[in-house]
Amino acid sequence: MGKKVGAGARVAGRPLWSIGAQGLLSLALVLLFLRLLQLRLDSVDIEAVEAAFARVAGWQWLAALALTGLSFHAVGRYDVLIHRHLCSGADPAVAGRAGMAAIALSQTLGLGVVTGGLVRWRLLPRAGLWQASRLSALVALSFLAAWALVTAATLLLIPEAPFRKLAALVLAAGLGLMLLSLAAPPLRLRDRPLRWPNAFTMSGLLALTALDTLAAGGALWLLCPPGEALPLARFLPAFLLALGAGLVSGTPGGVGAFEVTLLALLPEAPEAPLLAAVLAWRGVYYALPALLGAALLARGPARPAPACLPPVAGPPPAEAGLARQGRLALLDSGWLAGRTPHLLVGLLDPFAPASEALPRLIAEARAEARLPCLYKCGARTAVAARRQGFALLPVAREAWLDPQGFRLDRPALAGLRRKLRKAAGLRITRPATLPLAEMQQVAQGWARARGGERGFSMGRFCPEYVVGQRVYLGWDGARLVGFVTFHEGPGRDGRGEWVLDLMRQAATAPDGTMQALVLRAITDAAAAGVGRLSLAAAPLHGGPECWPARLAHRLAGVDLSGLERFKAGFAPRWDPLYLAAPSRAALLLAGVEIARAIHRPGRLPRQGARSPPEASRSS
């Protein structure tokens, strides 16, 4: 197969003794259930079973084959959804083909995670053994969870079905987990993200599981000899419960466990015709797919689709430095982007023409089972988004100025001059070596006074982060009382751009400290020939169309008017910024998830921690 199992007597990430023990357990269960089935069949007339098998008509075989094909189509899409959840980048056609082959063989041979992992390892060219085994485990666990919900819903919908109280509890627990995907904060384990399946993935898995199991049950029901089948409403709950018993038993094809459970749940059914149908069904639903899966396995990996388009050329924005905090990424599609449970968010304007970058972002979001969204994009990008059918909502205004034309003696800057006089004794420095311990004390005091720092599209203090920025420090004598940091970039016209990021000051800082620090940066930018200095965005808080942003920031205790007054004191130019999403409902979802990501950002990765895969530049 071109791949070797590593040393250490491990297969699929598990020690050989564990696999051997599971194999022995499966064999013991097979023997146990076969013995139970034998005891049950002692009173069954084998000749009657053979006669019933012979009465299955040709159209029944064809219908069962069609439903089997439908079931395995859903099985293949199941793998595609899991790949999207893992952001593996696998070609959907290759992933679906591998999933169908893996499940066809593993459900027949038993040891599902091990055999499924080995088959996927063979058929997925870019997957290692550990990745393929992890994928198989996730498929198995998610299928069991989805099967439980589908079965519970079926039991509740059919009045005469058994175990209805238990089904109600299972369904309530499942709905609670789905709500958790909307409300739970991001989880991390050893500074790596633990991505809970979002509502899109969960609903897709449930729909595919329902299609898969109902088609499988329909195939068995249609194979019952004419005139011998029970009503479908009576047969289906028993089939789903028997299927679960077979899955939990771990025996190849659920053999023994499935039959014993089905016969026990359908005591009124004629045993010979029912067993004849099960025998025919095992041939159609297990043996034939296993043969096709073996053929695919022997053929080897399919040729993947042509590689995606090359990375978009162009300099990234100055704010690309935010990606160093591990929550954002520079995508090959031309965006500084962040991820929330249900969104792939392109921040600001792309560093490529929006007409090229936006379709790529949409495709990347679809490949991750997320919705595309734009946050704080400019007017031109917003126009391109509207042409793609996106809904728009103004959410902020960016304040910026041209350092070359900035003059402090203008009448519009009278308020700024008053602030600067109050901070006349402030000493401003830009040292080569930063006093990180003192800066951290100032930042921590500032955060405590304001209920914590904001995140996602906003920078947070971290020593490893600020050393890569342009930093100005304000001193009152020998005591640090405040600092500001700026992102630096080439700018849209190549003349350079600085963007204000962190503003932190101590409670004892004199009035006007922040204004003095920013003015020093403007002066240095003018001397360096920088063409644009951005004071960053101020959220909108006026007008009826701004109520979502206003409400979110009011609940978070953010003083929008004070932030806007500070920036307005420099008499900047103001550019509108927009939130864009595929629909108005998606706009609402985007507002909720982005607000949560900003106001509840979670802790930063610890020093020296490797960035998560989703935070790297990727296609």
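These numbers come from the heavy atoms of this one structure, side chains and all, not from hydrogens, waters or symmetry mates.
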Counting N and O atoms only, with roles assigned by atom type, does the side chain of [X] sit under 3.5 Å from a partner on the main chain of [Y], one being a donor and the other an acceptor?
{"X": "Ser71", "Y": "Leu67", "result": "no"}
{"X": "His342", "Y": "Ala199", "result": "yes"}
{"X": "Asn198", "Y": "Ala369", "result": "yes"}
{"X": "Gln60", "Y": "Pro225", "result": "no"}
{"X": "Arg370", "Y": "Thr340", "result": "yes"}
{"X": "Tyr375", "Y": "Ala590", "result": "no"}

Side chains of [X] and [Y]: does their closest heavy-atom pair fall under 4.5 Å?
{"X": "Ser88", "Y": "Leu124", "result": "no"}
{"X": "Thr151", "Y": "Phe163", "result": "no"}
{"X": "Leu149", "Y": "Leu171", "result": "yes"}
{"X": "Leu358", "Y": "Trp335", "result": "yes"}
{"X": "Phe390", "Y": "Ile362", "result": "yes"}
{"X": "Pro231", "Y": "Glu160", "result": "no"}
{"X": "Leu263", "Y": "Glu271", "result": "yes"}
{"X": "Val139", "Y": "Ile103", "result": "yes"}

For Phe258 and Leu220, run side-chain contact (heavy atoms from CB on, under 4.5 Å): C-alpha distance rounded to whole Å, both residues' side-chain angles, the deciding distance at 0.1 Å, then the answer.
-> CA-CA 12 Å; Phe258 176 83; Leu220 176 54; 3.9 Å; yes
Which distance, rounded to the nearest 0.5 Å, do you find between the [atom1] of [X] and the [atom2] of [Y]?
{"X": "Thr201", "Y": "Leu206", "atom1": "OG1", "atom2": "CG", "value": "11.0 Å"}
{"X": "Ile598", "Y": "Phe456", "atom1": "CD1", "atom2": "CZ", "value": "7.0 Å"}
{"X": "Leu155", "Y": "Leu241", "atom1": "CG", "atom2": "CG", "value": "5.5 Å"}
{"X": "Arg84", "Y": "Arg366", "atom1": "CZ", "atom2": "CZ", "value": "8.0 Å"}
{"X": "Glu368", "Y": "Leu344", "atom1": "CD", "atom2": "CG", "value": "5.0 Å"}
{"X": "Cys373", "Y": "Leu589", "atom1": "SG", "atom2": "CG", "value": "8.5 Å"}

How far apart are the closest heavy atoms of [X] and [Y], and which atoms are they?
{"X": "Ala63", "Y": "Leu222", "answer": "CB-CD1, 3.7 Å"}
{"X": "Leu361", "Y": "Pro372", "answer": "O-CB, 4.4 Å"}
{"X": "Ala269", "Y": "Leu274", "answer": "CB-CD2, 4.2 Å"}
{"X": "Gly300", "Y": "Arg97", "answer": "O-NH1, 3.3 Å"}
{"X": "Ala146", "Y": "Thr209", "answer": "CB-OG1, 3.2 Å"}
{"X": "Pro582", "Y": "Ala586", "answer": "CD-CB, 3.9 Å"}

Under 6.0 Å from the [atom1] atom of [X], do we count more than 12 heavy atoms belonging to anything else shown?
{"X": "Phe200", "atom1": "CZ", "answer": "yes"}
{"X": "Arg164", "atom1": "CZ", "answer": "yes"}
{"X": "Arg77", "atom1": "CZ", "answer": "no"}

Parallel, tilted or perpendicular, as decided by the 30° and 60° cut-offs, for the rings of Tyr285 and Phe72 |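 It falls in the tilted class, 30° to 60°.
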Mind checking whether Tyr286 and Trp281 have parallel, tilted or perpendicular rings, split at 30° and 60°?
->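 Rings of Tyr286 and Trp281: perpendicular, over 60°.
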Salt-bridge criterion met for Glu259 and Arg282 (N-O under 4.0 Å) |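 A salt bridge links Glu259 with Arg282.
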Any pair counted as salt bridge (charged side-chain N to carboxylate O under 4.0 Å, His left out), so long as it reaches residues 53-67, sequence neighbours left out =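 Counting only pairs at least two positions apart or across chains, the salt bridge (charged side-chain N to carboxylate O under 4.0 Å, His left out) contacts touching residues 53-67 are Arg55-Glu228.
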Which pairs with one or both residues in residues 203-218 pass salt bridge (charged side-chain N to carboxylate O under 4.0 Å, His left out), sequence neighbours excluded?
->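 Sorted pair list comes back empty.
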Could you give me the CA-CA distance, side-chain angles and deciding distance for Asp332 and Arg360, then say whether side-chain contact (heavy atoms from CB on, under 4.5 Å) is met?
-> CA-CA 9 Å; Asp332 288 340; Arg360 293 187 174 197; 5.6 Å; no
Check the pair Thr108, Thr115 against side-chain contact (heavy atoms from CB on, under 4.5 Å), reporting the backbone distance first and the verdict last.
-> CA-CA 10 Å; Thr108 303; Thr115 54; over 6 Å; no
Looking at residues at least two apart in the chain, or sitting in another chain, which of them share a salt bridge (charged side-chain N to carboxylate O under 4.0 Å, His left out) with Arg299?
->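 Not a single residue meets the salt bridge (charged side-chain N to carboxylate O under 4.0 Å, His left out) criterion with Arg299.
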Would you mind telling me which of Ile82, Thr213, Leu138 makes a side-chain contact (heavy atoms from CB on, under 4.5 Å) with Phe143?
->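 For Phe143, the side-chain contact (heavy atoms from CB on, under 4.5 Å) test succeeds with only one of Ile82, Thr213, Leu138, which is Thr213.
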Could you give me the CA-CA distance, side-chain angles and deciding distance for Trp61 and Leu223, then say whether side-chain contact (heavy atoms from CB on, under 4.5 Å) is met?
-> CA-CA 7 Å; Trp61 289 102; Leu223 286 170; 4.2 Å; yes
